[in-house]
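Before any comments, here is the structure.
Only heavy atoms go into these numbers, but all of them, side chains included; no hydrogens, no water, no symmetry mates. Remember, it's 1-based here, ligands and their atoms both numbered in the order they're listed.
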Amino acid sequence: MLPPKAYVIGTLVVFMLYIVGFCIQNTELIFLSKQEQTIHWSQKVTEKTIELEHCERKLLLNSGKKRKMGLNVLTPWLAPIIWDGIYDIKILDNQHNGTRIGLFVFAVKKYIRFLRPFLESAERYFMVGHKVTYYVFTEKVNEVVKPKVADGRILQIHNVVADQRWQDVSMRRMEALTIFTKEHMPNEIDYLLCADVDMVFNDHVGVEILGDLVATLHPGFFLSEPESFPYERRPISAAYIPYEHGDFYYMAALYGGKVEEIYKLSVACQKGIMEDKKNYIEAVWQEESHLNRYLLYNKPTKILSPEYLWDANLTNGEFIKKKRFLAVQKDHQEVRN
Ligand code: 4YA
Ligand code: UDP
Ligand code: MN
């Protein structure tokens with residue numbers, strides 16, 4: 001048996017070694033003030049959440065030979081790609097106190113039927129608690145039944161010509177944007193989002209999507225190789241993108257940014273559309289092709305994951321936890337005639 005004195009000294013030495021070990025491992029804890037500790041640890045938690053969500057998405061990929069770029073949270077030029085869990089909405093909502101946001105949408109001919117569900121779902125999920133102006137374009141201004149909008153939200157209905165071909169209706173949006181982002185919107189809003197009307201908001205879509213120039217990954221191609229992106233590949237078109245170029249394929253059903261940025265974007269795309277018309281050519285996916293060309297050389301400052309554009313018929317839905325903006329099922333032939 002050890003004498004009692006040696007036993008006490010032994011215990012003391014072990015205890016002191018434990019304290020020294022703890023201090024070495026936690027130097028940052030000991031030397032930080034209380035406030036700094038809070039920031040430090042909450043940052044760590046956020047980083048871990050991002051890392052976990054990120055790993056989870058990447059793990060899902062291990063089975064196949066799919067491209068991982070579309071699942072990242074940063075582009076090669078360091079723009080964030082917005083996925084669930086990578087932002088703190090309370091902080092962002094505070095930063096955007098007073099921000100005025102526009103939502104631009106065409107509801108021409110038969111697509112007028114999509115307007116009500118679109119607006120009603122927007123009232124429920126789109127920028128709730130912020131200042132919103134809806135810019136609706138239709139040839140049936142007087143027929144629109146205006147749904148009630150919440151306080152701080154405004155519904156504007158504007159007249160637009162109804163082109164005969166659906167492709168022209170879709171492209172006409174760029175022309176309307178060049179006019180409105182120059183003349184009306186600069187005094188009314190700070191940011192503008194442009195959307196298809198055959199969609200419904202199905203979950204939170206808030207200020208996390210605001211940025212100088214924002215585009216959404218096409219939900220059908222976010223795991224594809226750039227060679228198979230449906231860019232316009234004919235050099236004669238103003239929307240031409242050669243095979244060796246391009247990092248993402250964006251969908252024209254949701255994009256946005258500061259009003260001034262959307263002015264520049266729409267002027268460039270409209271110019272491309274008119275150039276193509278002069279050459280008797282139409283880009284393979286109309287204004288979406290021109291949008292992709294513009295965004296290849298004018299990189300978006302923020303990218304939205306396919307959470308922000310989804311269609312229930314698509315594959316790879318397991319990567320998308322929250323389907324925030326969903327395509328309404330439609331008979332393409334019927335609505336376009
Ligand atoms: C639109 O997507 C709609 O017309 C469809 O009904 C659907 O909602 C879709 O968006 C999500 O190539 C490799 C599989 C790809 C399947 C999805 C194809 C179409 O892709 C085109 C570009 C255009 O972006 C069409 O607008 C898009 O179809
Ligand atoms: N659009 C419209 N009337 C039409 C055709 C198109 O208002 O006759 C508008 C509408 O906002 C629609 C968008 O143009 O959502 C793009 O067309 P569509 O949704 O048919 O394209 P898709 O998403 O099927 O590629
Ligand atoms: Mn659509």
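Heavy atoms of Ala253 found under 4.0 angstrom from ligand 2: none, in either backbone or side chain. Neither the backbone nor the side chain of Met199 comes within contact range of ligand 2; no heavy atom lies under 4.0 Å. At a heavy-atom distance under 4.0 Å, only side-chain atoms of Val169, from C-beta outward, approach ligand 2.
In this structure, atom 23 (O) of ligand 2 lies nearest to the protein heavy atom Asp196 OD2, 3.0 Å. When only non-hydrogen protein atoms are considered, atom 24 (O) of ligand 2 lies nearest to Lys330 NZ, 2.6 Å. When hydrogens are left out, the protein atom nearest atom 25 (O) of ligand 2 is Arg336 NH2, 3.8 Å; that is the closest non-hydrogen contact. Among protein heavy atoms, atom 10 (C) of ligand 2 sits closest to Phe106 O, 3.4 Å. Given atom 3 (N) of ligand 2, the protein heavy atom at minimum distance is Val108 O, 2.9 Å. Protein heavy atom at the shortest distance from atom 4 (C) of ligand 2 is Tyr111 CD1, 3.2 Å.
Annotation: the span from Tyr263 atom OH to Lys182 atom NZ amounts to 4.5 Å, rounded to 0.5 Å.
Here Glu275 does not pair with Lys278 in a salt bridge; the nearest charged N to carboxylate O distance is not below 4.0 Å.
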Under 3.5 Å, N/O to N/O: give me all the pairs between ligand 1 and the protein, one per line with atom names and distance.
unit_1: ligand 1; atom_1: 4 (O); unit_2: His332; atom_2: NE2; d: 2.8
unit_1: ligand 1; atom_1: 6 (O); unit_2: His332; atom_2: NE2; d: 3.0
unit_1: ligand 1; atom_1: 8 (O); unit_2: Asp311; atom_2: OD2; d: 2.5
unit_1: ligand 1; atom_1: 12 (O); unit_2: Trp285; atom_2: NE1; d: 3.2
unit_1: ligand 1; atom_1: 20 (O); unit_2: His218; atom_2: NE2; d: 3.0
unit_1: ligand 1; atom_1: 24 (O); unit_2: His218; atom_2: NE2; d: 2.9
unit_1: ligand 1; atom_1: 24 (O); unit_2: Glu288; atom_2: OE1; d: 3.2
unit_1: ligand 1; atom_1: 24 (O); unit_2: Glu288; atom_2: OE2; d: 2.6

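Just one of Phe222, Phe221, Trp285 meets the ring-ring contact (aromatic ring centres under 6.0 Å, His included) condition when paired with Tyr249; it is Phe221. Screening Phe118, Phe137, Phe180 against Phe104 for a ring-ring contact (aromatic ring centres under 6.0 Å, His included) leaves a single residue, Phe137.
Listed by atom number, the atoms of ligand 2 under 4.0 Å from Ala107 heavy atoms are 7 (O).
Judged by distance alone, with hydrogens and angles left aside, the side-chain atoms of Thr301 form a donor-acceptor pair with the main-chain N or O of Leu213 at under 3.5 Å. Side-chain N or O atoms of Arg324 include one that pairs as donor or acceptor with a backbone N or O of His204 at under 3.5 Å.
Proximity of Asp198 to ligand 2 is established by a heavy-atom distance of less than 4.0 Å.
Residues Asn313 and Gln329 are in side-chain contact: their nearest non-hydrogen atoms beyond the backbone lie under 4.5 Å apart. The closest side-chain heavy-atom distance from Tyr255 to Pro300 is not below 4.5 Å.
The side-chain tip of Arg233 points at the ring of Tyr243 from less than 6.0 angstrom away and within 45° of straight on.
Taking the ring centroids of Phe201 and Tyr125, they lie at or beyond the 6.0 Å cut-off. The aromatic ring centres of His184 and Tyr135 sit 6.0 Å or more apart.
Among the atoms of Ala195, none of the N or O lies under 3.5 angstrom from an N or O of ligand 2.
Put simply, the angle at the Mn ion (ligand 3) from OD2 in Asp196 to OD2 in Asp198 is close to 150°, to the nearest 10°.
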Take Lys66 and Asn316 through the test side chain to side chain donor-acceptor pair (under 3.5 Å) and record every step on the way to the result.
-> CA-CA 11 Å; Lys66 287 173 178 157; Asn316 300 312; 3.0 Å; yes
